[in-house]
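Notes to accompany the following structure.
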Amino acid sequence: MERIQIAAPDFDLAKTLDSGQVFHWEQAGGGFVGTIGDLAIYAEQSGGFLKASCRTLNLECKMHSGLEGLVSSYFALDHPLAEICASFPNDPTMDAAKTFCRGLRIIRQPKWECLATFICSSMKQVAHIRQISRKLRERFGEFREINDNRVYTFPSAETIAAGSEKELRECALGYRAKNLLATSRQVASGKIDLEQIGSLSDAALHARLRELPGVGAKVANCVMLFAYERLRAFPIDVWIERVLREAYFSRARKLNAGRLKAFTERYFGEHGGYAQQYLFHHARITGRRRSEKAGAARGVQNGRRCGVSLHDKGSRVK
DNA sequence: CTCCAGGGATGAT
DNA sequence: ATCATCCATGGA
């Protein structure tokens, strides 16, 4: 068993793994078990240290100068978090999120794993994405054991491409099965090279990702942020949209996706992806459904939101 | 532009 | 135990 300990003073492992950017780590024995590439890893934080262990080293590990390099790289311990946070805009909403999310990092995920997982994430909530990820791994991945925990690697594009839509549907993918299968076949055949497109500009990379079945604007931004280190990428889902609308557009009457996109790019800037992740995590953990408090009191029909949404019919004011 | 399938966990009644 | 809600892509 290989064990390492890394000084990580400005890092929060639990927040990082529970912030909706990665979906397969599970709590075990005071820490978390999961995989990094095809290695089973146990990770635990105590004091200002990150401890990690794995059974065997592999090629990927050696390329990262051992387990320490692999773990440091995956958890992005080299990101200058203080500088990143200092670059955020100063406003009450951002400040609250910044305080709440201290130590949360945007990790570096394997490209195919990230792309495939976010194709599965469409119209799903975090708990459900975790289920899908687990089923895909159990069915198509490779078994590993770590500290008496069973974990599975994420299946390669080739493995998924060799499967059928029916098999994927059995992993609770629903209509996403078709998209995942089609994209896996493009990756497996070499029609798209996920490593090569890493050299494209932000705009070109976004456009290229969107050509893949099941990849819309939001999923493309997630993949750019979590697998391609494009820290400006700003995925807008319903949570973020709600935060933006309430914090920065409370009196705006017409607001469409284009205006929101222009605003986030200008306002959050270079590390917009980090800002987005902090706003998202803060809202998701502390936000709670407004129906809990408002529901009957406000006379809202069945807890339906008061404010209009970009996705609600009737909200698009040209 | 508008409308809605899709599907399983989760929360409300 | 039933019923409504949550979600973002893609196609009609």
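Bear in mind the structure is a predicted one, so any value in this text is a computation, not a measurement.
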[X] [atom1] - [N] [atom2] separation (whole Å):
X        : N      : atom1 : atom2 : answer
A:Arg130 : B:dT10 : CZ    : P     : 11 Å
A:Leu212 : C:dA8  : CG    : C1'   : 16 Å
A:Met123 : B:dA5  : CE    : P     : 10 Å
A:Ile129 : C:dC6  : CD1   : P     : 16 Å
A:Ile132 : B:dG8  : CD1   : C1'   : 9 Å
A:Glu165 : B:dG7  : CD    : P     : 10 Å
A:Arg169 : B:dG7  : CZ    : C1'   : 9 Å
A:Glu211 : C:dG10 : CD    : C1'   : 15 Å

Any Lys/Arg nitrogen of A:Glu195 or A:Lys111 sitting under 4.0 Å from an Asp/Glu carboxylate oxygen of the other?
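Counted as a salt bridge, because a side-chain N and a carboxylate O are separated by less than 4.0 Å.
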Candidates A:Arg144, A:Glu142, A:Arg137 - the one meeting side chain to side chain donor-acceptor pair (under 3.5 Å) with A:Thr35
A:Arg137
Report yes if the distance between the aromatic ring centroids of A:Phe23 and A:Phe118 is under 6.0 Å, otherwise no.
yes
Determine the Euclidean distance between corresponding P atoms of B:dT2 and C:dC7; express it in Å to zero decimal places.
23 Å
Using the P atoms only, state how far B:dA9 lies from C:dT9, rounded to an integer number of Å.
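The answer is 22 Å between these two P atoms.
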Within residues 106-119 of chain A, residues whose heavy atoms come under 4.0 Å of DNA chain B
none
Linked hydrophobic residues, A:Phe143 as query - side chain contacts closer than 4.5 Å:
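So far as hydrophobic clustering goes, A:Phe143 is joined with A:Tyr152.
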If the cut-off is 4.0 Å, is A:Trp239 near the phosphate of C:dC6, judged by side-chain N/O to OP1 or OP2?
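No, because none of the side-chain N or O atoms of A:Trp239 sits under 4.0 Å from OP1 or OP2 of C:dC6.
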Is there a side-chain polar atom (N or O) of A:Gln125 under 4.0 Å from OP1 or OP2 of C:dC7?
yes
Sequence neighbours left out, cut at 3.5 Å: what donor-acceptor pairs do the side chains of residues 74-89 of chain A make with other protein atoms?
| from | atom 1 | to | atom 2 | distance (Å) |
| --- | --- | --- | --- | --- |
| A:Tyr74 | OH | A:Trp25 | NE1 | 3.1 |
| A:Asp78 | OD1 | A:Arg108 | NH1 | 2.9 |
| A:Asp78 | OD1 | A:Arg108 | NH2 | 3.4 |
| A:Asp78 | OD2 | A:Arg108 | NH2 | 2.8 |
| A:His79 | ND1 | A:Tyr274 | OH | 2.7 |
| A:Ser87 | OG | A:Ile84 | O | 2.7 |
| A:Ser87 | OG | A:His271 | ND1 | 2.9 |

Distance-only donor-acceptor check, side chains A:Asp91 and A:Tyr248, under 3.5 Å:
yes
If we call it a pair only when both distances are under 3.5 Å in a Watson-Crick or G-U wobble match, what pairs with C:dG11?
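Its partner is B:dC3 (Watson-Crick or G-U wobble, both distances under 3.5 Å).
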